[in-house]
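Notes follow once the structure below has been shown.
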Amino acid sequence: MFKSASSLLVKSGVRNYSTTKAPLRVAITGASGQIGYQLLFRIASGEMLGKDQPIILQCLELPQALNALKGVSMELDDCAFPLLKGIVQTDDPNRAFAGADYALLVGAKPRSKGMERGQLLEANAQIFSAQGKALNNNANRDTLRVLVVGNPANTNALIAARNAPNIDPKRFTAMTRLDHNRGLAQLADKTGCGVTDIQKFCIWGNHSATQYPDITHTTIKGSPIKNYVDDAVWVKDNFIPTVQQRGAAIINARGASSAASAASAAIDHMRDWTFGTNGQWQSMGVYSDGSYGADKGLYFSFPVICKNGNYEIVQGLQLDAFSKDRFDVTRKELLSEMDAIKHLL
Ligand SMILES: NC(=O)c1ccc[n+]([C@@H]2O[C@H](COP(=O)([O-])OP(=O)(O)OC[C@H]3O[C@@H](n4cnc5c(N)ncnc54)[C@H](O)[C@@H]3O)[C@@H](O)[C@H]2O)c1
Ligand SMILES: O=C(O)C[C@H](O)C(=O)O
């Protein structure tokens, strides 16, 4: 069901406020799932694209979840969000992606207790090849920004991008912002500093247990992190594995994979890509141009700086021997994931 902007304006005077901006179309797959339920309301309230940017939500779900999506849509209506100009509810990817400016590809099977993310590869790969094709045929190619959240996120981004030959592969990204945020929280806790005091931290590689959370360039309040925590054993045996295994720890504790924190990271990712990072590093899984020896074409997490609606991989960093080893482990895992789904590329 599609509600036009004008029908909403007629229905509710509350929404008839003045803004000169045309609505942007934000497609969300898996919209009635756990993450979707956390995402939609925050996007509709303007937390992702700004408090003056009207939006139309274009929600894709499986046929069996359309009724749940109807309920979510009713709740969105009941919030009377001034910026929400329409809601599309559909099980047809071509409709969900029609004219999309943003696409958050969340819909996929989450892993359960004891599963590694790699085991989801085959189960979810087909979804992303079909959605890549639908994006290629329907989305607004000139403005599109795609974030893949569904796991295994990096390789799903690769599949979607390769199935969208008419869209610049740089417009596809995979989410490692949750890992980045997890790392910041652990460092803030260890040092007693605020998360915004911490700069030049990054995640390299895959959103998986092989990711490399790297503090070798990190500063706190402008001075090297070593002045706050100088404990290589803690970094190797505590910090790195905690960040790498945080998803599994949450599944064990909650009985379900992270949802609110994942939605929050997705909003951070899209907001920063759109509005910039003020010169600060963030982590994004992006199309590799071969930087640092990450094979060209992989969707690899790098430190990036976002500016003028684009992102750029931070260049010129020296990686020490330990970092190079970790980098290579995650790089090789991404290559083996790519090999496992090569029939879909
Ligand atoms: N990258 C990250 O940091 C990160 C973090 C958390 C979760 N995840 C991943 O996000 C995904 C979603 O997690 P969740 O907890 O919301 O799962 P969920 O099972 O609660 O919701 C998934 C939703 O997707 C829908 N869906 C499945 N296949 C679909 C398709 N082909 N088209 C449209 N919708 C479809 C389902 O009906 C369901 O409503 C999982 O793959 C999970 O592992 C990634
Ligand atoms: O770990 C998972 O399977 C879910 C998600 O990727 C996470 O990091 O929380």
Side-chain angles (χ1 to χ4, degrees), residues 27-40 58-72 88-97 103-135 146-157 159-160 173-183 203 205-211 213 242-270 283-285 299 301:
I28 295 157
T29 73
S32 68
Q34 285 201 92
I35 297 175
Y37 192 66
Q38 300 290 331
L39 260 181
L40 291 171
Q58 306 196 158
C59 304
L60 181 68
E61 257 300 351
L62 293 176
Q64 61 270 29
L66 283 177
N67 207 37
L69 181 58
K70 186 176 167 198
V72 177
V88 176
Q89 301 170 50
T90 183
D91 59 359
D92 174 0
N94 295 315
R95 278 197 70 208
F97 297 140
L104 292 94
L105 307 187
V106 181
K109 213 178 150 84
R111 66 175 168 151
S112 43
K113 262 188 194 179
M115 249 176 131
E116 275 304 319
R117 290 188 188 91
Q119 293 174 261
L120 291 175
L121 197 57
E122 193 53 43
N124 285 333
Q126 301 286 348
I127 297 175
F128 291 86
S129 74
Q131 292 182 358
K133 291 184 178 85
L135 280 164
V146 183
L147 170 61
V148 177
V149 175
N151 278 319
N154 300 54
T155 297
N156 289 338
I159 296 169
T173 62
M175 190 164 93
T176 53
R177 181 61 176 265
L178 179 54
D179 310 292
H180 185 105
N181 288 347
R182 286 168 172 167
I203 305 289
N206 201 2
H207 171 65
S208 78
T210 68
Q211 67 179 270
T242 298
V243 178
Q244 289 174 328
Q245 296 292 340
R246 190 68 164 183
I250 288 167
I251 292 170
N252 284 333
R254 222 171 78 82
S257 73
S258 61
S261 56
S264 195
I267 285 174
D268 288 346
H269 177 115
M270 286 303 212
S283 299
M284 288 169 69
Y299 281 79
S301 183

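In each ligand, atom 1 is the first atom listed, and ligand 1 is the first ligand listed. Please read these numbers as outputs of a predicted model, since none were measured by experiment. Residue numbers run from 1 in the order of the sequence given. What's counted below: heavy atoms across the whole structure, side chains too, no hydrogens, waters or symmetry copies.
Residue-level proximity to ligand 2 for I250 is absent, since no heavy atom of it falls below 4.0 angstrom.
At a heavy-atom cutoff of 4.0 Å, ligand 1 is surrounded by G30, S32, G33, Q34, I35, L60, E61, L62, A65, V106, G107, A108, K109, P110, I127, Q131, V149, G150, N151, M175, L178, H207, S257, S258, A262.
Assignment of N151 to the shell around ligand 2 is supported, since a heavy atom sits closer than 4.0 Å. Look at D179 and you'll find every heavy atom at least 4.0 Å from all atoms of ligand 2. At least one heavy atom of R182 sits less than 4.0 Å from an atom of ligand 2.
With no hydrogens or angles considered, a side-chain donor-acceptor pair links D268 and N181 at under 3.5 Å.
The structure places CE of M175 at 10.5 Å from CE of M270, a figure rounded to the nearest 0.5 Å. H207 contributes atom NE2, which lies 6.5 Å from atom CG of L178 (distance to the nearest 0.5 angstrom). A distance of 9.5 Å separates CD in Q89 from CZ in R95, rounded to the nearest 0.5 Å.
Taking all atoms of both residues into account, the shortest heavy-atom contact from L69 to A31 is CD1-CB, 3.8 Å. A pairwise comparison of heavy atoms in A108 and G150 identifies CB-CA, 4.0 Å as the closest pair. The two residues D91 and P63 come nearest to each other via the heavy atoms OD2-CG, 3.6 Å.
Annotation: side chain of T155 is in contact with side chain of L121 (closest heavy-atom distance under 4.5 Å). At a threshold of 4.5 Å between non-hydrogen side-chain atoms, the residues H269 and M284 count as touching.
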Between F128 and T29, is the side chain to side chain contact (heavy atoms under 4.5 Å, CB included) condition met? List the steps. CA-CA 11 Å; F128 291 86; T29 73; 5.9 Å; no

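Close contacts of ligand 2 with S258, meaning ligand atoms under 4.0 Å from a residue heavy atom, involve 7 (C), 9 (O). The H207 neighbourhood of ligand 2 comprises atoms 5 (C), 6 (O), 7 (C), 8 (O), with distances under 4.0 Å to a heavy atom of that residue. Numbered from 1 in the order shown, with element, the atoms of ligand 2 that lie under 4.0 Å from a heavy atom of S257 read 4 (C). Less than 4.0 angstrom separates some heavy atom of G247 from each of these atoms of ligand 2: 1 (O), 7 (C), 8 (O), 9 (O).
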